[in-house]
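All remarks here apply to the structure that follows.
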Amino acid sequence: PKEESPNSDDKNELRSPICCIMGHVDTGKTKLLDYIRGTNVQEGEACGITQQIGVTYFPAENIRERTRELKADAKLNVPGLLVIDTPGHESFTNLRSRGSGLCEIAILVVDIMHGLEPQTIESLNLLKMRNTDFIVALNKVDRLYGWKTCRNAPIAKAMKQQSKQVQMLFNDRLIQIITQFKEQGLNTELYYKNKDRGDTFNIVPTSAISGEGIPDILLLLVQWTQKTMIERLTFSKEVECTVLEVKVIEGHGTTIDVVLVNGVLHEGDQIVVCGLQGPIVTTIRSLLTPHPMKELRVKGTYLHHKEIKAAQGIKIIAQGLEHAIAGTSLYVVGPDDDLEDVKNKTMEDMKSVMSRIDKS
Ligand code: GDP
């Protein structure tokens with residue numbers, strides 16, 4: 001038997017919520033994430049921000065620091081926020097359509113100058129189908145004619161600094177966009193005016209260039225999820241883990257990048273993943289996450305962990321992963337588990353993924 005993490009039997013412990021970014025091309029999805037990460041580069045290492053494999057982890061401490069101006073007494077009960085930034089990724093379709101659903105919440109990015117566009121509607125339909133909660137980032141507010149930059153300011157504060165003309169321009173756009181959402185059958189409202197949070201989705205105006213509204217969206221993501229999804233976010237020892245990508249890494253052979261949604265993974269765990277030729281039974285040799293931002297570009301250097309607790313993005317090194325299939329689940333063979341049972345569970349997962357591959 002392996003040692004458990006010190007706090008893993010705390011029944012009230014929450015794991016980090018998982019968030020993904022969706023929206024039409026060129027609305028600023030990439031830029032928004034770059035900004036959120038980029039502004040952290042200097043303080044980043046101290047605060048422990050790590051860019052995972054297509055997954056970024058923001059520790060609560062960092063979020064508290066960045067949202068201080070917004071609400072000094074923000075009580076954050078989750079350890080952090082995990083953002084998946086591979087929305088266009090092929091395996092993401094598989095991954096997202098899994099029954100359990102990987103993300104608690106999505107950021108739907110809309111360009112304030114363009115309003116709802118074809119892929120916004122597509123994203124909306126996916127979100128509706130999966131019953132996934134979301135926050136609208138009404139991005140590129142700095143493009144409103146005459147916008148006065150208020151770097152990293154909470155949006156209400158930035159808005160007060162604007163001229164009457166800019167405020168009117170903003171309101172016109174906002175009303176238009178709220179109407180467009182209405183046409184899609186959805187109620188939306190500027191988040192700090194939203195009194196009916198159950199049925200009305202929040203809009204947070206943002207700029208991925210100068211950072212207005214970024215504190216708001218970070219705080220809202222964390223507070224909203226920890227308030228409305230306590231049950232779902234309660235940490236459990238039962239491992240829930242999805243393979244995001246299968247990658248060959250120089251010096252490490254074939255590795256898998258996974259999102260650990262719940263539970264703990266340990267070096268030396270026996271795992272089963274789906275393979276093209278059947279279930280792959282192997283042992284975790286290394287659990288890796290990239291170094292903090294600064295060292296990210298140094299090829300092939302990662303942080304090694306003896307164990308990692310959910311929610312996290314992790315690179316796993318193990319033998320025999322050459323034919324692993326992205327989008328499927330990873331299972332851990334526990335001391336009381338029957339290997340054949342676990343293999344069968346894995347096979348079921350594979351069948352559903354394969355039928356989808358056949359169709360495309
Ligand atoms: P994506 O396709 O949704 O990932 O969009 P990108 O992040 O690649 O952004 C598309 C273009 O819009 C790029 O030229 C960005 O520099 C620009 N852009 C993104 N966000 C903003 C913003 O908040 N303000 C302004 N002015 N430009 C932005």
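As the structure is a prediction and not an experimental result, all values here were calculated from the model. Note that ligands are numbered from 1 as they come in the structure, with each ligand's atoms numbered from 1 the same way. Start at 1 with the first residue, then count along the sequence.
- Looking at V136 and V204, their side chains never come closer than 4.5 Å, going by heavy atoms from C-beta outward.
- For atom 27 (N) of ligand 1, the nearest protein heavy atom (residue, atom name, distance) is I209 CG1, 3.6 Å.
- For the residue pair W224 / D133, a side-chain donor-acceptor distance below 3.5 Å is found, with atom types taken as modelled.
- Close contacts between ligand 1 and H24 involve ligand atoms 3 (O) [criterion: under 4.0 Å to a heavy atom].
- Of the N or O atoms in D142, one or more lie within a sub-3.5 Å distance of an N or O in ligand 1.
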- [ ] Evaluate the salt bridge (charged side-chain N to carboxylate O under 4.0 Å, His left out) criterion for residues E69 and K157: first the C-alpha distance (whole Å), next the side-chain angles of each, then the deciding distance (0.1 Å), finally the verdict.
- [x] CA-CA 10 Å; E69 199 179 346; K157 184 179 171 190; 2.4 Å; yes
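- Close contacts of ligand 1 with A208, meaning ligand atoms under 4.0 Å from a residue heavy atom, involve 20 (N), 22 (C), 23 (O).
- Considering only non-hydrogen protein atoms, atom 5 (O) of ligand 1 sits nearest to G28 N, 3.1 Å.
- In the vicinity of S207, heavy-atom distances shorter than 4.0 Å reach the ligand 1 atoms 23 (O).
- When distances from atom 25 (C) of ligand 1 to the protein are checked, a heavy atom turns up under 4.0 Å.
- What you find for K75 and Q223 is that their closest heavy atoms are N-NE2, 4.2 Å.
- Within the 4.0 angstrom cut-off, atom 14 (O) of ligand 1 has no protein heavy-atom neighbours.
- Among protein heavy atoms, the minimum distance from atom 4 (O) of ligand 1 is reached at T30 OG1, 2.5 Å.
- Looking only at protein heavy atoms, the nearest one to atom 2 (O) of ligand 1 is D26 N, 2.7 Å.
- A donor-acceptor pair shorter than 3.5 Å cannot be found between the side chains of S236 and E238.
- The distance from ligand 1 to the heavy atoms of V25 drops below 4.0 Å at these ligand atoms: 2 (O).
- Not a single heavy atom of G23 lies less than 4.0 angstrom from ligand 1.
- Atoms CD1 and NE2, from I284 and H305 in turn, are 12.5 Å apart once rounded to the nearest 0.5 Å.
- Cluster annotation: M168 is not connected to I203 through the hydrophobic network of ILVMFWY side chains, with a link wherever side-chain heavy atoms come within less than 4.5 Å.
- For ligand 1, the polar-atom distance check finds no N/O of V141 at less than 3.5 Å from any of the ligand's N/O atoms.
- Counting heavy atoms from C-beta outward, I271 and Y331 have side chains that stay 4.5 Å or more apart.
- Of the protein's heavy atoms, N139 ND2, 3.1 Å lies nearest to atom 20 (N) of ligand 1.
- By heavy-atom distance, the residue among K31, K140, M113, R143 lying nearest atom 11 (C) of ligand 1 is K140.
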TODO: In sequence, state the C-alpha distance, the side-chain angles, and the governing distance for D111 and T27, and then conclude on side chain to side chain donor-acceptor pair (under 3.5 Å).
DONE: CA-CA 5 Å; D111 183 331; T27 49; over 6 Å; no
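- Residues T242 and L330 form no side-chain contact, since every pair of their non-hydrogen atoms from C-beta on lies 4.5 Å or further apart.
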